[in-house]
Amino acid sequence: MPTIRQALESRVSQAITAATGIADNAPNVIQASRPDFGDYQANGVMAMAKQARSNPRELAQQVVDRLDRGDLIDRAEVAGPGFINLFLTDRWLGEAAGRTLADPTSSLEAAVDPQTVVVDYSSPNLAKEMHVGHLRGTIIGDALARVMQALGHRVIRQNHVGDWGTQFGMLIAHLEDLRQADSDAELSTELSDLETFYRHAKQRFDAEPEFADRARHYVVRLQQGDEQCLAMWEQFIEESLRHCEAVYEMLGVLLTRDDLKAESSYNNDLNEVVKALNEKNLLRESQGAQCVFLDEFVGKDGTPLPAIVQKRDGGFLYATTDLAAARYRCQTLRADRVLYVVDARQSLHFQQVFAIARRAGFAPDNCSLEHIAYGTMMGKDGKPFKTRSGDTVKLKDLLEEASERAYRLVSDKNADLDEAERRNIARTVGVSAVKYYDLARNRNSDYVFDWSAMLSFEGNTAPYMLYAYARICSILRKLDEGGTVDTLDDGVAALDWEAPEERALVLKLLQLPEAVQQVAQEGYPNHLCQYLFELAGLFMRFYESCPILKADAGRRQQRLAIARLSAQTIRKGLELLGIPTLERM
RNA sequence: GCGCCCGUAGCUCAACCGGAUAGAGCAUCGGCCUUCUAAGCCGAGGGUUACAGGUUCAAGUCCUGUCGGGCGCGCCA
């Protein structure tokens with residue numbers, strides 16, 4: 001089903017064709033910037049008039065005269081220098097809302113052209129425990145994957161975990177010593193905190209030459225497929241993955257073992273990738289290393305900037321792995337789009353990888369490679385978020401603190417609820433507050449992590465949305481026969497209304513697909529947050545000014561239907577962001 | 001030195017690839033609970049969109065330059 005915007009675009013476009021004879025035109029229909037400009041506005045006619053050297057207002061009037069309004073458009077007016085303001089019929093809106101209410105999924109599914117979309121996200125380094133630096137990529141990627149899936153695309157999640165490379169030799173050596181010297185209990189304790197484990201291994205690597213030599217030796221043996229080394233490596237990886245999975249569980253992130261596509265899995269492709277680059281004449285030796293130089297990349301002092309794919313000692317680098325991954329995703333998985341949800345600081349790296357992948361023929365032109373870059377989470381001091389002592393903050397600790405802070409708030413606001421329910425609400429509210437605060441920001445920029453701002457629960461926050469949802473559930477519970485968002489039968493085929501607050505809300509409710517499509521196209525989840533915030537605001541105003549249970553029978557049914565559709569839409573929108581709802585809070 | 005991102009209300013941030021009078025929240029001030037959850041709603045004040053040019057019917061948005069901030073730039077990932 002097309003969105004309202006698409007339906008209007010198509011009608012206005014036809015009218016422009018009828019008026020000008022130009023078939024390929026851009027009506028540029030957007031949601032009206034102000035209520036008195038109607039529901040939508042078409043801005044494209046002014047540019048067309050310029051092109052055709054005609055008077056924009058006159059052309060706009062001709063378009064309006066030829067516009068097929070059908071049962072969708074109530075009236076169309078020329079305004080200002082040549083805008084066309086579009087007012088929708090209440091009847092069409094009411095019927096569309098009724099259809100969505102009856103079948104909540106209908107508005108989002110059935111993408112016009114389903115694509116295969118690979119989303120590479122989270123991708124922690126398994127040598128250490130997940131920390132706050134992994135939060136943004138994990139939840140932005142998860143939200144984008146959910147959005148793509150909801151639109152009917154074939155989504156392949158890939159968790160490109162770092163499980164390969166020099167540091168693992170050091171970890172294996174340390175693990176080996178612990179296994180021989182210590183009891184199982186002690187080994188298990190040591191492994192339960194990967195940060196400490198890593199630190200101890202690193203200390204020994206720096207202090208004990210014998211240990212360092214052994215560590216380096218293990219890296220080589222590992223890459224050669226030595227069984228003993230592999231077994232120890234697997235034990236460590238297994239332990240580390242369990243840590244990740246615990247965090248994903250807390251976060252409500254959908255990644256599972258099936259989504260793992262680790263760096264190590266490309267190990268056998270790396271030689272081939274370098275060989276292919278050589279065959280395309282892209283490879284050049286520089287200071288003993290195998291490099292790719294492209295004209296568009298210039299380094300210091302105007303010298304050519306290399307992408308190194310093979311070290312002097314024959315080892316491969318992450319550019320090599322990323323090229324192998326790009327090749328796999330385009331050629332084996334046949335992706336139409338690949339989204340790399342990775343820290344913005346890697347943008348040069350990805351520019352190089354994408355450019356090389358094109359030249360080498362790994363990625364055909366019709367496969368879109370996109371770096372979904374995001375900024376750093378900062379502390380109040382404007383520097384990357386750390387603990388007071390300067391250590392990185394573990395994601396697990398951060399989420400536990402969020403729940404704890406939310407618990408104090410829930411207990412404060414709602415002392416009558418029992419302990420278990422308060423704990424449950426606090427967990428959802430706390431974690432959702434952290435996630436939403438992040439998702440609601442434009443991902444391009446760094447942002448300041450601020451407990452008091454996200455836990456003040458005011459403004460464009462998860463609790464505001466969750467509260468709106470809980471209010472609706474509360475009303476439904478109060479009905480004679482009781483009811484929930486899913487079970488209540490309104491017996492309403494088409495909605496109608498009398499108050500402006502009702503109409504404004506219904507229109508907004510029908511615009512979810514537009515917000516979702518925008519997120520899918522551009523990869524900015526904050527647009528969906530913005531939509532939900534506006535929706536929740538309109539609901540709150542409706543709630544305050546239009547009593548539901550006290551209204552007479554007819555209005556009551558209608559308002560119940562509007563409230564229920566509001567709940568459905570809020571829940572759906574939050575679900576796409578990876579945020580659950582609460583019946584009570 | 002080169003490249004990428006950014007600079008919007010006192011603070012934190014929006015602004016749907018150039019649209020009409022730049023929007024929210026926090027903070028400040030003033031209203032609204034014997035009625036569906038006040039974690040709410042209504043109202044007020046607050047702006048030369050860093051600065052200077054340019055492009056055009058129209059610029060926070062595009063181009064050039066300047067200033068300021070963050071990040072990146074050969075054998076880690």
Side-chain angles (χ1 to χ4, degrees), chain A residues 5 28 30-34 37 41 43-44 46-47 49-50 56 79-83 85 123 125 127 162 164-167 263 286-291 297-303 305-313 315-319 321-322 343-349 351 373 375-376 378 382 409-410 412-414 429 440-442 444-448 450 452-453 456-461 463-464 466-468 470-479 514-515 517-518 521-522 524 526-527 529-531 533-534 537 540-541 543-545 547-551 559 563 584-585:
Chain A
R5 182 175 173 170
N28 194 10
I30 62 170
Q31 291 171 20
S33 54
R34 276 169 43 197
F37 294 155
Q41 59 185 62
N43 299 335
M46 288 172 286
K50 165 93 179 169
F83 297 99
N85 293 341
S123 307
N125 180 351
W164 210 238
T166 45
Q167 33 193 331
E263 284 185 337
S286 171
Q287 299 169 26
Q290 296 298 323
C291 306
F297 299 106
V298 180
K300 293 175 185 170
D301 312 321
T303 55
L305 181 69
I308 303 177
V309 293
Q310 191 164 23
K311 293 189 283 189
R312 197 174 2 219
D313 68 7
F316 301 106
L317 292 108
Y318 77 138
T321 310
D322 274 329
D343 190 306
R345 285 173 290 200
Q346 310 260 356
S347 72
L348 176 60
H349 167 70
Q351 278 180 42
T376 308
M378 305 298 226
L409 238 128
V410 172
D412 194 39
K413 300 273 184 196
N414 246 327
V429 168
R441 255 136 273 277
N442 185 317
N444 277 339
S445 346
D446 298 342
Y447 78 94
V448 177
D450 179 357
S452 64
S456 73
F457 299 164
E458 279 160 353
N460 190 2
T461 62
Y464 183 77
L466 294 175
Y467 182 57
R471 277 180 140 184
I472 301 171
C473 292
S474 174
I475 292 175
L476 299 182
R477 275 196 302 273
K478 285 203 159 56
L479 293 169
E514 294 176 16
Q517 281 190 2
Q518 198 190 345
Q521 274 162 26
E522 300 165 11
Y524 287 90
N526 63 306
H527 289 138
C529 296
Q530 187 65 29
Y531 165 80
F533 179 54
E534 285 163 13
M540 294 295 196
R541 259 158 264 163
Y543 180 91
E544 299 283 342
S545 61
I548 297 171
L549 297 177
K550 277 174 55 187
R559 287 180 177 166
R584 243 181 260 269
M585 71 180 277

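Letters A, B, ... mirror the listed sequences (proteins, then strands); counts begin at 1.
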Participant: For the side chain of A:Met46, starting at C-beta, report the closest nucleotide among B:rC16, B:rU37, B:rG19.
Facilitator: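 Nearest to the side-chain atoms of A:Met46, counting from C-beta on, is B:rG19.
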
Participant: Is A:Phe37 stacked on the base of B:rA20, with ring centres under 5.5 Å apart and planes under 30° apart?
Facilitator: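 Aromatic stack with B:rA20 present for A:Phe37.
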
Participant: Is there, by distance only and without an angle test, a donor paired with an acceptor across the side chain of A:Asn43 and the base of B:rA58 below 3.5 Å?
Facilitator: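 No, the side chain and the base share no sub-3.5 Å donor-acceptor pair.
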
Participant: Taking the side chain as C-beta and beyond, is there a heavy-atom pair between A:Arg477 and A:Arg584 under 4.5 Å?
Facilitator: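 Yes; the side chains approach each other to less than 4.5 Å.
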
Participant: Closest approach to the side chain of A:Ala470, judged atom by atom: which nucleotide of B:rC41, B:rA20, B:rU37 is it?
Facilitator: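 When the side chain of A:Ala470 is considered, B:rU37 is the closest of B:rC41, B:rA20, B:rU37.
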
Participant: Start at the 5' end of RNA chain B and walk down; is the nucleotide closest to A:Gln521 or to A:Gly162 reached first?
Facilitator: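 Nearer the 5' end of the strand: A:Gln521.
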
Participant: Which nucleotide, B:rC76, B:rC4, B:rG74, lies nearest any side-chain atom of A:Lys311?
Facilitator: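 Per side-chain heavy atoms of A:Lys311, the pick is B:rC76.
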
Participant: Please determine, for the side chain of A:Phe83, which listed nucleotide (B:rC36, B:rC41, B:rG19) has the closest atom?
Facilitator: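 Comparing B:rC36, B:rC41, B:rG19 against the side chain of A:Phe83, the answer is B:rG19.
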
Participant: Write down the distance separating the P atoms in B:rC32 and B:rG19, rounded off to the nearest Å.
Facilitator: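 Roughly 42 Å separates the two P atoms.
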
Participant: Nearest to the A:Gln41 side chain among B:rA20, B:rC36, B:rC6, which nucleotide is it?
Facilitator: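 In terms of side-chain proximity for A:Gln41, the closest of B:rA20, B:rC36, B:rC6 is B:rA20.
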
Participant: Reckon A:Ser347 has a side-chain N or O less than 4.0 Å from the OP1 or OP2 of B:rC4?
Facilitator: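 No.
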
Participant: To the nearest 0.5 angstrom, please state how far the CG atom of A:Leu466 sits from the OG1 atom of A:Thr461.
Facilitator: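 Between A:Leu466 CG and A:Thr461 OG1, I get 8.0 Å after rounding to 0.5 Å.
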
Participant: Using the closest heavy atom to pick a nucleotide of RNA chain B for each, name whichever of A:Ser286 or A:Arg541 lands nearer the 5' end.
Facilitator: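 Its nucleotide being nearer the 5' end, the pick is A:Arg541.
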
Participant: B:rU37 base to A:Arg584 side chain: any donor-acceptor pair below 3.5 Å?
Facilitator: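 Answer is no: no donor-acceptor pair is held.
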
Participant: How far does the P atom of B:rG18 sit from the matching atom of B:rC6, given to the nearest Å?
Facilitator: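 Nearest-Å result for B:rG18 against B:rC6 at atom P: 14 Å.
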
Participant: Kindly determine whether A:Gln41 and A:Gln31 satisfy side chain to side chain donor-acceptor pair (under 3.5 Å), including the steps that lead there.
Facilitator: CA-CA 6 Å; A:Gln41 59 185 62; A:Gln31 291 171 20; over 6 Å; no

Participant: B:rG65 and B:rG1: how far apart are their P atoms, nearest whole angstrom?
Facilitator: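 Roughly 14 Å separates the two P atoms.
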
Participant: Could you please name the option among B:rA20, B:rG19, B:rC6 that lies closest to any side-chain atom of A:Asn444?
Facilitator: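 Nearest to the side chain of A:Asn444 among the choices is B:rC6.
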
Participant: Return the nearest nucleotide to the side chain of A:Leu549; candidates are B:rC36, B:rC4, B:rA20.
Facilitator: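 Of B:rC36, B:rC4, B:rA20, B:rC36 is nearest to the side chain of A:Leu549.
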
Participant: Would you measure the distance from the C1' atom in B:rC63 across to the matching atom in B:rG25 and give it in whole Å?
Facilitator: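 Approximately 34 Å lies between the C1' atom of B:rC63 and that of B:rG25.
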
Participant: Suppose you measure atom C1' in B:rU49 against the same atom in B:rC62; what distance do you get, rounded to whole Å?
Facilitator: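 Roughly 16 Å separates the two C1' atoms.
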
Participant: Base, sugar-phosphate or nothing for A:Glu514? Non-hydrogen atoms, less than 4.0 Å.
Facilitator: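 Nothing, no heavy atom under 4.0 Å.
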
Participant: For nucleotides B:rG60 and B:rC17, find the distance between their C1' atoms and express it as a whole number of Å.
Facilitator: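 14 Å, rounded to whole Å.
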
Participant: Nearest to the A:Leu348 side chain among B:rC75, B:rC73, B:rA39, which nucleotide is it?
Facilitator: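 It is B:rC73.
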
Participant: Within the sub-3.5 Å range, which N or O atoms of nucleotides 9-15 of chain B have a protein N or O partner, and how far apart are they?
Facilitator:
{"from": "B:rA14", "atom 1": "OP1", "to": "A:Asn442", "atom 2": "N", "distance (Å)": "2.7"}
{"from": "B:rA14", "atom 1": "O2'", "to": "A:Gln530", "atom 2": "OE1", "distance (Å)": "3.4"}
{"from": "B:rA15", "atom 1": "OP1", "to": "A:His527", "atom 2": "NE2", "distance (Å)": "3.0"}

Participant: Identify each atom pair where a protein N or O and an N or O of nucleotides 54-56 of chain B are less than 3.5 Å apart, giving names and distance.
Facilitator:
{"from": "B:rU56", "atom 1": "O3'", "to": "A:Lys50", "atom 2": "NZ", "distance (Å)": "3.1"}

Participant: Go through A:Glu544 and A:Arg471 one step at a time and tell me if the salt bridge (Lys or Arg N to Asp or Glu O under 4.0 Å) criterion holds.
Facilitator: CA-CA 11 Å; A:Glu544 299 283 342; A:Arg471 277 180 140 184; 3.7 Å; yes

Participant: Select one nucleotide: of B:rC71, B:rA20, B:rG72, the one nearest the side-chain heavy atoms of A:Arg345.
Facilitator: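 For the A:Arg345 side chain, the nearest candidate turns out to be B:rC71.
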
Participant: Taking only the side-chain heavy atoms of A:Tyr318 (C-beta and beyond), determine which of B:rU37, B:rA77, B:rC41 contains the nearest atom.
Facilitator: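 Looking only at side-chain atoms, A:Tyr318 lies closest to B:rA77.
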
Participant: Determine, answering yes or no, if A:Tyr464 is stacked on B:rA39 under the 5.5 Å centre rule and the 30° plane rule.
Facilitator: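 Stack criterion not met.
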
Participant: Applying the Watson-Crick and G-U wobble criteria at under 3.5 Å, what pairs with B:rU66? Answer none if nothing qualifies.
Facilitator: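 Its partner is B:rA50 (Watson-Crick or G-U wobble, both distances under 3.5 Å).
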
Participant: Can you see whether A:Tyr524 engages A:Asn444 through a side-chain donor-acceptor pair at a distance of less than 3.5 angstrom?
Facilitator: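 A pair is found: one side chain offers a donor N or O, the other an acceptor, under 3.5 Å apart.
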
